[in-house]
Every structure is written in structure tokens, then in C-alpha cells.
Amino acid sequence: MSMDYREYILDHYRDPRNYGRLENPTVHVEDSNPLCGDQVSMDLLVEGDHVTAVRFQGRGCAISQAATSMLTEMVQGKSVEEVVRLGKDDILEALGIPISPARMKCAFLGLRVLHKSLVLAGLERPEHDDEL
Amino acid sequence: MSMDYREYILDHYRDPRNYGRLENPTVHVEDSNPLCGDQVSMDLLVEGDHVTAVRFQGRGCAISQAATSMLTEMVQGKSVEEVVRLGKDDILEALGIPISPARMKCAFLGLRVLHKSLVLAGLERPEHDDEL
Amino acid sequence: MQDVVEVHREPRSVEEIRRDFPILSRQVHGKPLVYLDSAASSQKPLAVIEAMNAYYRSSHANVHRGVYEISEEATEALERARTKVARFINARQSKQIIFTRNTTESINLVAYSWGWANIKAGDLIVLTTMEHHSNLVPWQLLAQRSGARLEFVPLTPEGLLQLDVYARLLEQEPKLVAFTQMSNVLGTINPVKEMVAQAHAAGAVVLVDAAQSAPHLPLDVQELDADFVCFSGHKMLGPTGIGVLYGKRELLEAMPPFLGGGDMIRSVSLRSSTWNDLPWKFEAGTPAIAEAVGLGAAVDYLSALGMDWVRQHERSITAYALERLQTVPQLRIYGPVAEEQRGGVVSFSLADIHPHDLASILDQEFGVAIRAGHHCAQPLMEHLGLVATARASFYVYTLPEEIDVLVQGLRRALEIFQV
Amino acid sequence: MQDVVEVHREPRSVEEIRRDFPILSRQVHGKPLVYLDSAASSQKPLAVIEAMNAYYRSSHANVHRGVYEISEEATEALERARTKVARFINARQSKQIIFTRNTTESINLVAYSWGWANIKAGDLIVLTTMEHHSNLVPWQLLAQRSGARLEFVPLTPEGLLQLDVYARLLEQEPKLVAFTQMSNVLGTINPVKEMVAQAHAAGAVVLVDAAQSAPHLPLDVQELDADFVCFSGHKMLGPTGIGVLYGKRELLEAMPPFLGGGDMIRSVSLRSSTWNDLPWKFEAGTPAIAEAVGLGAAVDYLSALGMDWVRQHERSITAYALERLQTVPQLRIYGPVAEEQRGGVVSFSLADIHPHDLASILDQEFGVAIRAGHHCAQPLMEHLGLVATARASFYVYTLPEEIDVLVQGLRRALEIFQV
Ligand SMILES: Cc1ncc(COP(=O)(O)O)c(C=O)c1O
Ligand SMILES: Cc1ncc(COP(=O)(O)O)c(C=O)c1O
């Protein structure tokens with residue numbers, strides 16, 4: 001298995017979508033991967049039952065930053081119901097390349113931050129046992 | 001190598017010499033073997049430059065108790081100079097049977113107490129590095 | 001509790017099992033080794049030795065932070081071992097399994113981390129007089145530093161806990177109750193499940209020392225409902241250098257870290273840090289990776305035998321030993337008479353022969369390895385009015401013929417000591 | 001320092017040495033493994049693997065308290081390993097060698113035992129900004145609990161300690177100074193001997209983190225005169241699960257125990273206990289016996305090579321690596337330029353490629369194992385203005401050809417990232 005860094009991944013890495021902060025986010029969450037130090041923070045604006053705006057900032061590898069950038073595209077403008085359902089498979093599908101076990105934590109860092117945000121906003125139950 | 005329990009060892013074990021306490025000892029020291037719990041306490045009476053009386057009490061195996069009993073016979077009435085020089089070889093010679101490595105600590109328990117006593121009585125320098 | 005597939009296997013004969021243990025074919029003093037000291041440390045089957053061997057030969061690297069193949073393999077191996085141990089004791093989640101060096105460190109971890117955060121001056125800690133030093137000294141140190149009180153459940157003459165006194169001590173609402181599931185001296189198996197329930201009703205947190213039980217009895221931590229359970233790899237066919245602390249999730253989450261350093265942090269700045277998730281919060285520095293792999297192989301081996309079989313085998317060996325030992329004149333056995341109340345451990349004394357002398361004779365003339373001494377349980381020895389006992393203990397590889405050699409040796413010792 | 005007999009042996013070729021390490025002949029992703037992560041954990045020679053193997057197959061038993069043959073053999077093996085380690089670092093006595101799990105536990109032992117007894121509110125502890133988390137977090141925990149202050153010796157742009165600041169901090173009369181002998185990120189070798197002397201003149205106790213130096217440099221604790229020296233077996237050809245704390249005798253004697261339990265006591269009653277002699281006072285519970293045997297074999301192996309040879313070999317490999325890496329465009333190397341100021345560790349970054357991505361590419365396309373990340377030194381990363389670096393590190397088995405493969409891989413990464 002070889003992780004090949006496709007052009008679109010490098011593109012998201014070098015030119016991340018929805019990068020930055022929101023003025024009045026519903027929720028702001030930061031997290032890091034304790035094993036490598038990669039960081040992601042995310043702002044969500046929830047209006048009614050939709051996520052109307054999302055921004056992220058981060059430092060880290062191409063995988064973690066591109067995956068988060070892609071994730072924000074999936075979140076933007078979607079219903080809370082849809083966003084809550086976003087999971088690992090969606091990330092892996094978006095990345096579209098094989099991810100080695102050690103890099104899974106990178107791929108899912110943004111997702112972890114997203115779900116922490118949803119929990120904090122009271123839109124999702126904390127799922128203690130889910131290892132993101 | 002087999003440690004054979006000769007008759008004289010059993011004799012010292014069952015009928016220890018110089019057993020008991022002194023009324024006014026110059027020094028009283030107790031010690032135990034942390035690894036097996038064997039105990040020996042010793043009273044010495046030093047008059048002038050001679051050890052004029054010695055008594056011991058103890059609980060433990062035939063080797064530790066017989067060796068201590070034999071040791072008190074070597075001490076009794078000897079000059080301090082002679083007593084200070086008593087060492088491991090004297091014990092092993094007195095026991096007269098091969099002692100396995102694990103039992104060395106048993107054989108030398110009484111000797112350890114003797115030298116602690118001499119140090120306490122100011123008759124000997126503490127020899128930190130000697131492992132009795 | 002074990003894999004269903006494994007439990008239903010054809011039971012193997014003890015002779016066959018013995019072939020898995022290379023050391024059992026060695027000689028000492030010209031006689032075949034008769035190893036009757038498994039309660040101190042068990043021997044290791046080839047499967048355990050080879051698992052570690054293979055790990056070092058093909059997959060060793062530091063874990064968790066490596067992005068390359070062999071580091072991923074090593075991490076996988078470590079975490080798979082954790083999952084195996086979790087399943088072996090039926091823990092809900094593998095993150096409840098913290099790897100330590102041994103039972104002793106597991107207990108100290110709780111005493112330092114949970115203890116410092118929760119035990120205050122005047123608080124009561126309840127122990128028993130049959131505890132191993134490892135489940136006693138850590139609480140003494142904590143009591144001395146915090147000003148907490150220690151009280152002890154005493155024993156009946158037979159060596160059972162006085163459960164009425166236990167109930168009365170619980171009325172004083174202790175913060176912590178800590179006791180062993182099986183005595184390493186008397187063999188007594190304590191009624192842990194009932195004792196835990198009573199302690200919980202009284203509001204106490206419960207730590208169970210499973211050093212002697214995890215290797216020998218089916219162990220289901222959810223059924224026992226204990227808050228902390230501690231045991232050692234080396235007593236259950238596994239390697240030295242690894243032990244286990246199982247804890248309830250909420251307690252472990254709430255506890256401050258014990259050792260600080262690499263791997264247990266989330267982020268570090270010069271003056272403060274935040275902590276990693278369970279179980280790594282409690283595993284500072286490079287873990288005992290190969291040892292975890294070995295322990296994983298050991299629980300696989302035990303699961304394949306089936307812990308019910310293990311218990312059954314030891315019951316019958318113990319029954320045989322009790323019967324045969326009673327034929328030796330002037331031999332006194334300590335501990336419960338009822339077989340179902342004791343594990344595969346028999347302590348005894350013989351005439352006025354000191355246990356050390358007995359052990360030397362058995363070793364040198366018969367190749368028999370027994371333990372002699374206070375067995376790290378001096379307060380229990382005090383209770384028995386002894387300085388030391390002789391102790392024979394059994395495991396999956398013990399044969400009735402080995403008991404016969406022991407008995408022969410004891411008779412010879414009587415001769416030598418002219419009793 | 002080493003056995004005279006061994007040092008004068010004919011030096012062996014690196015190719016020959018490599019044959020002693022089974023893992024070095026394995027493939028990853030279809031390519032020969034190029035292992036450049038020895039600073040995280042070294043590989044193990046057959047001599048070490050086989051020593052543990054043989055121990056389990058023929059001499060395993062619990063130590064210290066056994067009166068029978070195999071327990072005597074096991075005790076002997078453990079204590080002989082202690083003597084070997086003592087000789088390896090030129091400790092005056094083997095009782096100054098305390099076996100722990102790893103460097104991290106060694107440092108925590110000092111922080112808990114010596115620290116709790118000696119550090120009071122307002123006391124100053126001096127560290128450096130290049131410390132590994134394991135030599136930082138234990139002191140943060142101690143400072144938080146005791147109210148002590150932490151101050152840090154900063155680095156020059158090149159990655160050397162600012163020794164003028166160190167001297168000024170010493171004027172504040174710290175109680176403790178703790179620093180690494182070699183940075184695991186920058187490779188910087190600190191002038192330990194001078195720093196210890198200055199700290200002693202200021203009345204401080206000194207702990208040296210030798211996790212990176214003990215495996216790679218001739219180490220003479222009497223010459224350095226440090227009060228405590230800590231290192232890990234797994235980084236110096238030895239097994240996981242064992243580390244060392246060396247301490248000066250008077251300090252160790254005066255320190256209260258750390259972990260309580262079996263083996264570390266002299267006598268125990270229900271409410272109080274007295275402690276065993278050194279080193280056992282600090283070794284509670286069943287020790288990592290097989291691991292000590294393995295570590296003994298590891299120091300034998302290193303002594304046979306000669307630590308001067310080891311240092312020399314790594315110097316030349318490092319010089320070669322620095323030279324070759326400089327040919328890669330957009331590659332930036334961190335740490336001292338002068339070769340004699342650095343060990344066999346090179347941290348670098350390449351263009352805007354994150355070290356994790358670099359490590360993945362090197363692993364998957366070239367079989368090269370390097371480390372990527374913060375290397376458990378986040379404050380140092382902060383100082384460098386980075387989240388992570390890539391790091392290649394070398395040992396006795398590293399060949400120049402392996403550096404060539406690394407460089408080839410780095411060029412390929414530039415292509416993939418279209419830099
Ligand atoms: C300088 C330094 N100190 C301490 C440590 C911690 O070593 P261990 O994980 O073996 O406890 C390391 C190893 O990563 C190190 O490089
Ligand atoms: C009941 C009991 N608790 C604790 C221990 C300590 O185990 P370890 O020495 O592996 O820490 C033992 C083993 O001797 C034991 O039998």
C-alpha cells in the first residue's frame with residue numbers, strides 16, 4: 001500500500017478552503033493530536049437546523065490539513081442532521097488514497113474537532129467510546 | 001555441592017551457646033535478614049581491651065542460629081583486636097559444610113550483628129562497603 | 001469469558017503441556033527439576049518466549065509516534081496485547097488496561113494518583129492482615145503522608161477473613177478498601193464479589209490485588225465490580241517487567257497523572273502541560289513493548305487451556321497434595337481445609353526444622369524448588385506466630401508425581417534432623 | 001572504562017556488526033529496511049535476544065528470596081547485570097545502580113523521592129529549553145505540588161545552551177539543576193562536566209538525562225560527578241522494560257522510598273515498616289529480571305565494540321549525513337554545525353513538506369524509517385518556531401549507503417510535492 005499524494009490533496013494543503021475565523025461563531029473548538037502535535041481549530045455558525053458557516057485554522061501535515069479543508073466543504077450549508085452523520089468513511093473517501101494506520105489520526109483530526117464542536121453546541125451526544 | 005547438616009550444626013541449633021541477654025552490656029544490637037526475616041540480637045560486654053561476655057538471642061534457620069552460636073564461642077574472652085578481625089572465612093570454617101549462595105546471608109547474619117555492635121561501641125570503623 | 005472456540009478444545013494432558021515449557025526438562029543437582037514455586041513466579045511456555053523473540057527479530061521500534069512500517073507494527077502489537085488482556089479479564093474497554101511493571105507498581109500508581117487526590121487526614125483505609133507487603137506498604141506510606149487511618153480485617157484461626165469485623169469496619173465509612181483475592185501464603189480465596197458489593201454500599205472505592213488470582217482463577221472484572229484490579233505478567237506464564245492495572249473508566253479519567261514524561265501528555269509548554277487520553281495518561285515513557293507482546297501470548301495460552309480447566313487442575317493437585325502431606329509426621333498445614341476455599345498454594349511447617357533448611361534439603365537432594373520465608377507477608381506470619389513457613393505452589397504443569405517427590409524429601413529431612 | 005581486553009580487540013566492520021542484528025535483513029514495502037530511528041529506540045543484537053531467551057529457558061525464578069538452585073541462578077544473573085552496568089558507566093559501587101522501567105521512571109523516582117523530601121515552596125529548579133518531556137513534566141508536577149519555581153536555560157540560534165544565562169541562574173542558588181547530556185532533537189552535546197561543577201559550586205544537586213548519551217558516548221559518572229544519571233536500556237541495544245537510575249550513595253541512602261511493596265522492605269508490621277538496603281530500597285516488587293539480563297548482554301556488546309569506536313563511527317556517519325543533506329535543495333538542518341558538538345542525530349525540514357508526509361514517503365517508497373514530529377520536546381519546537389521536524393539518527397549499524405537512500409528519498413519527496 002502506498003499513500004500517493006495526489007494533486008488535489010496538495011492543492012487543499014497549500015490552499016485550504018474555509019480557512020480563518022468567524023466573527024460570532026456558535027462554537028469554537030481547538031484540538032491537537034497528542035502523538036504528533038498537529039493542530040486544528042474550528043468555528044461553526046449554526047442557524048436554525050443548518051450549519052451556515054464554518055472556518056478552520058491549523059498546523060500540520062498535508063493529510064490532516066487537506067482532510068480538514070475537505071471536511072469543511074462537506075459541512076458548509078448542510079443540515080445539522082447531515083453534519084452529525086459525517087464519519088471516518090466520508091473522510092477516507094474524500095482523500096481518495098490509502099492511509100497507513102499511523103496516519104489515520106492525522107486524517108481524522110478535523111473530524112474529531114467537528115464532533116467535539118457539535119457536542120459543545122449541544123447538537124450531539126458525547127460518544128465517549130468513539131475513538132477519533 | 002550439597003549442604004549436609006552435620007550433627008554439630010544441629011547441636012548448636014537446638015542447644016545454642018551463650019544464649020540470652022546480659023545485665024549491663026556495653027552494647028546491644030539487633031538485626032534481621034530482610035530477605036528471610038531471620039533475626040539475631042547480641043549483647044557484648046567489653047572490659048578493657050577484651051570482650052568479657054557475649055549473649056545472643058535469635059529466630060531463624062539452623063545455619064543462621066548455629067553460625068551465631070559458634071561465633072559467640074569465638075568472641076567470648078577474646079581481645080577486641082582479635083574480635084574485630086573475625087570475618088566470613090572464620091564462619092565458613094566453623095560451619096565446615098558447603099553453603100549455597102542464597103544461604104550465605106543466613107551464615108553471616110550473626111557476624112553482621114557483631115560488627116554493627118563493634119561499630120556502635122566505637123571499637124571499629126564503619127565499613128560501608130563491606131556487604132555482610 | 002475466553003474465546004468460545006478455545007474453551008471447547010480437547011483438553012490437553014499435563015504431560016503434553018509440560019513439553020511447552022523448556023525449563024521443565026532441566027536438571028538441578030543431578031535431579032529433574034520439580035518446580036513448586038509458581039506462586040512466586042511461573043515458568044514460561046515456548047509460545048511466550050518465541051513471541052518476544054519474533055518481535056525483536058522483526059518488528060521492534062518505538063511506538064505511537066512512528067510514521068513508518070515497523071513502528072506501526074510495534075504499536076499494533078502493543079495495543080493488540082492490551083485488547084487481549086482486556087478480554088481475558090472481561091474489561092469493558094481496552095483503555096481500562098494500563099501497563100505497569102508489576103502488581104506492586106499498579107497498587108502504588110493507585111496509591112499515589114487516586115490516593116493523593118482523594119485521601120485526607122482522618123480518612124479510613126481498610127485492609128486485611130493477610131495482605132502481601134505490596135498491598136500494605138503503599139497504603140502505609142499514603143497514611144503517613146496524608147494522616148489517614150489504617151484498619152485491618154483479622155483472620156479466623158483457619159485463615160479466613162472475619163467478615164463480621166469487615167462489616168463493622170465498613171460502618172465507619174472507609175474511603176478505600178483494598179484486599180487480595182487469594183492469599184499467597186494460606187491459599188485462601190476471599191469472597192470478593194460480596195465484599196466489593198458491601199464496600200460499595202458503604203461508599204468505599206475497592207482495589208483488588210489479583211496477583212494470585214488472575215493466573216489461576218477465571219476472572220471477570222465486570223462481575224466482581226471492583227474499581228481497581230492489579231496483577232503481574234510473570235506469575236501468569238508471561239514475562240518479567242510487565243504488570244496490569246485495570247480501573248473503572250470514570251475513576252481513571254478523573255485521576256491526576258502519576259509519572260510525567262513522554263507519551264502521557266497532550267501538549268507541553270515550559271511551565272504546564274495537559275494529559276493524553278486513557279490509557280496513555282498513565283504510561284509515561286517508552287513502554288515495555290516486548291513484554292506486552294509476551295503477556296498477550298501468555299493470556300492466549302491460558303485462554304486456550306481455559307481458565308476453568310486451570311482451576312480444576314489446580315484443585316485436584318491441591319487436594320492430592322493436602323492428602324499426601326498429611327501422611328508426613330509432625331507436618332502442620334496452614335490455611336483453610338475446605339478445598340473450594342483455597343487455591344494451589346500450600347504453606348506448612350515440619351517439626352522444628354526451619355523452612356530455609358527444609359528448602360535447602362529439598363533443593364539439593366531432590367531437585368525440588370519450594371519457597372521458604374515470610375512470603376512478603378510478615379503481618380500474617382506474626383498472626384500465625386511464625387517467622388517463616390515452607391510453601392509449595394502449583395500451576396498448569398504440576399504433576400501428582402511431583403508431590404510424591406516433595407513428600408519423599410520431607411521424610412528425608414526428618415531423618416537428617418533426627419526428628 | 002571498558003574491559004581492557006575488549007577495547008583492544010580488532011575493530012569489526014559495520015557490515016559484520018549488521019549481521020548480529022536480525023531485523024536489519026528484513027524488507028519493508030518490498031525494500032530493504034533502512035533504520036534511521038535509533039534515537040527513539042535501537043535495534044537488538046542476537047546476543048541480547050539470546051541472553052533473555054536462555055534465561056527463560058533455563059534459569060527463570062523469582063529472585064532474592066529463593067533458597068533453591070534456579071532462584072539462586074536468577075538472582076546471580078540479575079546482580080551480575082547490575083555490576084556490568086555499574087562498570088559500563090564507571091560507578092563506584094553496583095548498589096548505586098537502580099533498575100527502573102526507563103529513563104522516564106528514573107527521573108520520576110528522583111522527583112518523587114528526593115524531590116518531595118527536599119524541594120519546598122519558593123525553591124528554584126533550573127532546566128533547559130531543550131529537555132525531553134520526560135525531563136520536564138516530572139519537575140512541572142513537583143513544582144505545582146510544592147510551589148517551587150522553574151527557570152530555563154535558553155538556547156543560542158545554533159542550538160547550544162546559553163551558558164552565561166546558566167551562570168546567572170546559578171547565582172539564584174537553585175536546589176536542583178536537571179539537563180540532558182545530548183539533545184534528542186538537535187544532537188547538541190552539552191558540556192556536562194563543567195555545568196555540573198558550576199552547579200555544585202552554587203550548592204545545587206544535579207540530575208543528568210543520559211538517555212541519548214549513555215548509548216552513544218563514553219560515559220564516566222565519576223568523572224562527570226553528577227548526582228543522578230538516568231538512561232534507558234532500549235536505546236542502547238537492550239530490551240524494552242528496563243532503565244537505570246544511577247545516584248550518589250549518600251543521596252540515595254538519605255532518600256525516602258518511592259514505591260512500596262515486596263523486596264524493598266527490611267521489616268513490615270501492620271502500621272509501619274523499615275526499608276531494605278540499596279539498591280533494593282528502590283526496587284519494589286518483582287524486578288524486570290530477564291530485561292536486566294538483556295541489558296547486561298547489551299553493555300557487554302557495546303564494551304566489546306568500545307564506546308570510543310561507537311562515538312567515532314557515529315561522528316563520521318554524522319559528518320557524511322550533514323554533507324550529503326546539504327546537497328538537497330530547500331533542506332534546512334537544525335542544531336550545531338561543529339561536528340564535535342553533536343551526536344548522531346540530525347533534525348531537518350524540507351521545503352513546505354510536513355515531516356509526517358516526508359516520513360510516509362520515505363517509508364513507503366524507500367523503506368527508510370525516520371522519526372517525524374515534536375520528538376517529545378514541544379518547548380524546543382516552540383523555540384524553533386516549528387510544530388515538527390524530520391529526524392534521522394544513527395547507531396553502530398548505520399552505513400553511509402543508507403544515508404544515500406535517505407537523500408534519494410528526499411529528492412523524490414520534492415518531486416511529489418512539486419516543489
Ligand atoms: C533526551 C531523552 N530523555 C528522555 C527520554 C525518555 O526515554 P524513555 O522513553 O526510554 O523513558 C528520551 C527518549 O525518547 C530522550 O531522548
Ligand atoms: C498476593 C500478592 N500480591 C502482590 C504480589 C506482588 O507481585 P509483584 O512482585 O509481581 O509486584 C504478589 C507476589 O509476590 C502476591 O502474591
Side-chain angles (χ1 to χ4, degrees), chain C residues 22-23 26 28 40-41 43-44 49 53 56-58 60-62 65 67-70 101-105 108 132-134 137-138 140-141 150 152 232 234 239-241 259-262 265 267-273 284-286 288-291 356 359-360 363 369 372-373 376 378-379, chain D residues 22-23 26 28-29 40-41 43-44 49 53 56-58 60-62 65 67-70 101-105 108 133-134 137-138 140-141 150 152 232 234 239-241 259-262 265 267-273 284-286 288-291 356 359-360 363 369 372-373 376 378-379:
Chain C
I23 203 173
R26 92 162 253 192
V28 294
S41 196
Q43 297 303 340
K44 323 300 172 199
I49 300 171
N53 211 324
Y56 281 128
R57 281 166 178 267
S58 71
H60 173 69
N62 215 326
R65 292 152 308 181
V67 179
Y68 52 85
E69 175 67 20
I70 55 174
R101 179 171 39 249
N102 49 28
T103 306
T104 304
E105 195 196 12
N108 278 275
H132 188 279
H133 293 164
S134 292
V137 181
Q140 289 181 348
L141 292 174
L150 302 179
F152 296 87
S232 298
H234 70 94
T240 54
L259 304 182
I265 56 93
S267 77
V268 174
S269 64
L270 283 177
R271 288 194 167 73
S272 67
S273 303
T286 304
I289 313 169
E291 292 73 12
H356 283 170
S360 284
D363 172 49
C376 293
Q378 285 185 346
Chain D
I23 202 172
R26 92 163 254 192
V28 293
H29 306 295
S41 195
Q43 297 302 340
K44 323 300 171 201
I49 300 172
N53 212 325
Y56 282 128
R57 281 166 178 267
S58 72
H60 173 68
N62 214 327
R65 292 153 306 181
V67 179
Y68 52 86
E69 174 68 19
I70 56 174
R101 179 171 40 250
N102 48 30
T103 305
T104 304
E105 195 195 12
N108 279 275
H133 294 163
S134 292
V137 181
Q140 289 181 349
L141 293 174
L150 302 179
F152 296 87
S232 299
H234 71 94
T240 55
L259 305 181
I265 57 92
S267 77
V268 174
S269 64
L270 284 177
R271 289 194 165 71
S272 68
S273 303
T286 304
I289 312 168
E291 292 73 13
H356 283 169
S360 284
D363 172 50
C376 294
Q378 285 185 347

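With a 4.5 Å cut-off on non-hydrogen atoms, C:R57 touches chain D through its backbone and its side chain both. Of the atoms belonging to C:H132, it is side-chain heavy atoms, and not backbone ones, that fall under 4.5 Å from chain D. Both the backbone and the side chain of C:I289 come within contact range of chain D, each with at least one heavy atom under 4.5 Å from a heavy atom of that chain.
A donor and an acceptor atom, one from each side chain of D:Y68 and C:S360, are nowhere located under 3.5 Å apart. In summary, the side chains of D:T240 and C:E291 do present a donor paired with an acceptor at a separation below 3.5 Å, with no hydrogens or angles considered. Checked by atom type, the side-chain pair C:S269/D:Q378 shows no donor-acceptor distance below 3.5 Å.
Rounding to the nearest 0.5 Å places CD of D:Q140 at 3.5 Å from OG of C:S273. Note that CD of C:E105 is 12.5 Å distant from OG1 of D:T286, once rounded to the nearest 0.5 Å.
Under the side-chain hydrogen bond (donor to acceptor under 3.5 Å, both in side chains) criterion, D:S267 pairs with D:T274, sequence neighbours left out. Residues meeting the side-chain hydrogen bond (donor to acceptor under 3.5 Å, both in side chains) test with D:Q43, sequence neighbours left out: none.
Closest approach of D:H133 to C:V268, counting heavy atoms only: NE2-CB, 3.5 Å.
Side-chain N or O atoms of D:N108 include none that pairs as donor or acceptor with a backbone N or O of C:L259 at under 3.5 Å. For the pair D:N62 (side chain) and C:S41 (backbone), a donor-acceptor distance under 3.5 Å is absent.
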Checklist entry - Does the side-chain contact (heavy atoms from CB on, under 4.5 Å) test come out yes or no for D:L150 and C:L270, once each step is laid out? => result CA-CA 9 Å; D:L150 302 179; C:L270 283 177; over 6 Å; no
